[in-house]
Number of protein chains: 2
Amino acid sequence: MTPSSKGDLFDPACPTRKLLDRIGTKWTSMAVKVLADAGPAEVRFADLQRRMPGVSQKMLSVTLQSLTRDGLVARRVEPTVPPKVHYRLTDLGRSLEVPLAALRSWAEEHMPAIDRANAVARD
Amino acid sequence: MTPSSKGDLFDPACPTRKLLDRIGTKWTSMAVKVLADAGPAEVRFADLQRRMPGVSQKMLSVTLQSLTRDGLVARRVEPTVPPKVHYRLTDLGRSLEVPLAALRSWAEEHMPAIDRANAVARD
DNA sequence: CGGGATCCGTGGCGATACTG
DNA sequence: CAGTATCGCCACGGATCCCG
């Protein structure tokens, strides 16, 4: 059903909400970081999976498809047998890495405080 | 606490993952912004709901409880009848507003590009 | 007024198996 | 190697009703 089919009042596609829906998914921010750490170099699918412990083939696949559709990641297929597929961040993806790095920095600095607050709340 | 795991996005207890699990929930970042916009002033439950179009009582309630448990929001109850409950950001919550504002800024600037990329992908 | 309790649909995500 | 297809679990979140 289309979002506007019931009059749809508020929140007509808030950009921040849409961004969080993307980077909030389990493997997205991790994939962006791995690709960012690779610099301008391309990374193969299997390499990505190796550098993202715990990710399944399927979830890595859908994550990369999502990032590719969003124009954050570029995909290049080497038509060999078996095929080799290479991924790299686009300029847009690299620009996202900046605020994402700021979030990571905040998390590393302040998550302990949040954990302590949660511990206190257990009384 | 897993020494030398600083910056390790792949730690099972990765701080960035945990932070994204929090701010990625539907109403959290909106609540933080509304409270941040209020400055040092407190905001009542009903006011928050009014400033967050679309949020249900239940979701606003659980969102605020979550933020309060995490130490990002302070809650004050006026024991009147009927009761008045006031919320405000803690210093920790206000510090989170900084990287969050950076994310919002990126979203407002670049989400159109992501939307265009998605439109192109529909061929 | 603020917020529990309950029911329920949807979607994210994992496990597994198959394919070009 | 790099996906695609299918299944099932369960947490997120919306609606509704009730309570101090």
Side-chain angles (χ1 to χ4, degrees), chain A residues 1-3 5-11 14 17-31 34-35 42-70 73-88 121, chain B residues 10 12 14 17-31 34-35 42-70 73-88 121:
Chain A
M1 176 176 318
T2 67
S5 65
K6 64 173 183 179
D8 157 275
L9 26 130
F10 57 98
D11 202 29
C14 161
R17 176 77 252 122
K18 295 204 292 184
L19 177 61
L20 283 172
D21 283 345
R22 284 169 163 81
I23 66 173
T25 61
K26 190 165 187 182
W27 302 103
T28 301
S29 59
M30 195 183 300
V34 168
L35 288 169
E42 295 180 318
V43 185
R44 292 189 56 187
F45 186 92
D47 284 339
L48 280 171
Q49 190 170 16
R50 198 165 34 75
R51 298 184 202 186
M52 295 168 61
V55 72
S56 66
Q57 267 184 2
K58 171 194 168 185
M59 287 318 295
L60 181 55
S61 184
V62 303
T63 299
L64 290 171
Q65 281 173 10
S66 201
L67 287 168
T68 302
R69 271 199 317 276
D70 288 343
V73 161
R75 188 186 125 118
R76 184 175 66 85
V77 182
E78 245 181 285
T80 58
V81 176
K84 297 180 183 178
V85 185
H86 306 260
Y87 294 92
R88 62 173 175 81
Chain B
F10 317 128
C14 163
R17 177 75 253 125
K18 295 202 293 183
L19 176 61
L20 284 172
D21 283 344
R22 284 169 163 82
I23 67 173
T25 61
K26 190 166 185 181
W27 301 103
T28 302
S29 59
M30 195 182 303
V34 168
L35 288 169
E42 294 180 320
V43 186
R44 291 191 54 188
F45 187 93
D47 284 338
L48 280 170
Q49 189 169 16
R50 199 165 34 74
R51 299 184 201 186
M52 295 167 60
V55 72
S56 66
Q57 266 187 359
K58 170 195 167 182
M59 286 319 294
L60 181 55
S61 183
V62 303
T63 299
L64 290 170
Q65 282 173 10
S66 201
L67 287 168
T68 303
R69 271 200 316 276
D70 288 344
V73 160
R75 186 187 127 118
R76 183 175 66 86
V77 182
E78 245 181 286
T80 57
V81 176
K84 298 179 183 176
V85 186
H86 306 259
Y87 295 90
R88 62 173 176 81

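Just so it is clear: chains get the letters A, B, ... in the order the sequence lines come, proteins before strands, and each one is counted from 1.
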Nucleotide nearest B/Q65 when distance is taken to its side chain, options C/dG4, D/dA2, C/dG3: C/dG4
Rounded to the Å, how far apart are B/L48 CG and C/dG2 P? 9 Å
Side-chain heavy atoms of B/T63 within contact of B/T25, under 4.5 Å: no
Looking at A/R50 and A/D47, is there a salt bridge between them, counting it only when a charged N and a carboxylate O are closer than 4.0 Å? yes
note: B/R44, atom CZ; C/dG3, atom P; distance rounded to Å ~ 10 Å
In whole angstrom, what separates A/Q57's CD from C/dA15's P? 12 Å
Measure from CD1 on A/I23 to C1' on C/dG12 and round the result to the nearest Å. 17 Å
Please tell me which of the listed nucleotides, C/dC1, C/dG14, C/dG2, lies nearest to the side chain of B/V85? C/dG2
Please give, in whole Å, the distance from C/dC1 C1' to B/R75 CZ? 12 Å
At 4.0 Å (heavy atoms only), tell me whether A/T80 reaches a base, stays on the sugar-phosphate, or touches nothing. nothing
Using the closest heavy atom to pick a nucleotide of DNA chain D for each, name whichever of A/S61 or B/P83 lands nearer the 5' end. A/S61
Is any side-chain heavy atom of A/S66 closer than 4.5 Å to a side-chain heavy atom of A/T28? no
Is there side-chain contact between B/L67 and B/Y87, with at least one heavy-atom pair below 4.5 Å? no
Write down the distance between CG (A/L67) and P (D/dG3), rounded to a whole number of angstrom. 13 Å
So, does the side chain of B/K58 form a donor-acceptor pair with the base of C/dG3 at under 3.5 Å? no
Nearest-neighbour nucleotide for the B/Y87 side chain, C/dG2, D/dC1, C/dG3 considered: C/dG3
Could you walk me through whether A/L20 and A/R17 satisfy the side-chain contact (heavy atoms from CB on, under 4.5 Å) test, starting with their C-alpha distance in whole Å, then the side-chain angles of each, then the deciding distance to 0.1 Å, before giving a yes or no? CA-CA 5 Å; A/L20 283 172; A/R17 176 77 252 122; 3.9 Å; yes
What is the separation between atom NZ on A/K26 and atom P on D/dC10, rounded to the nearest whole Å? 14 Å
For B/L64 and D/dG13, give me the distance from atom CG to atom P, rounded to whole Å. 14 Å
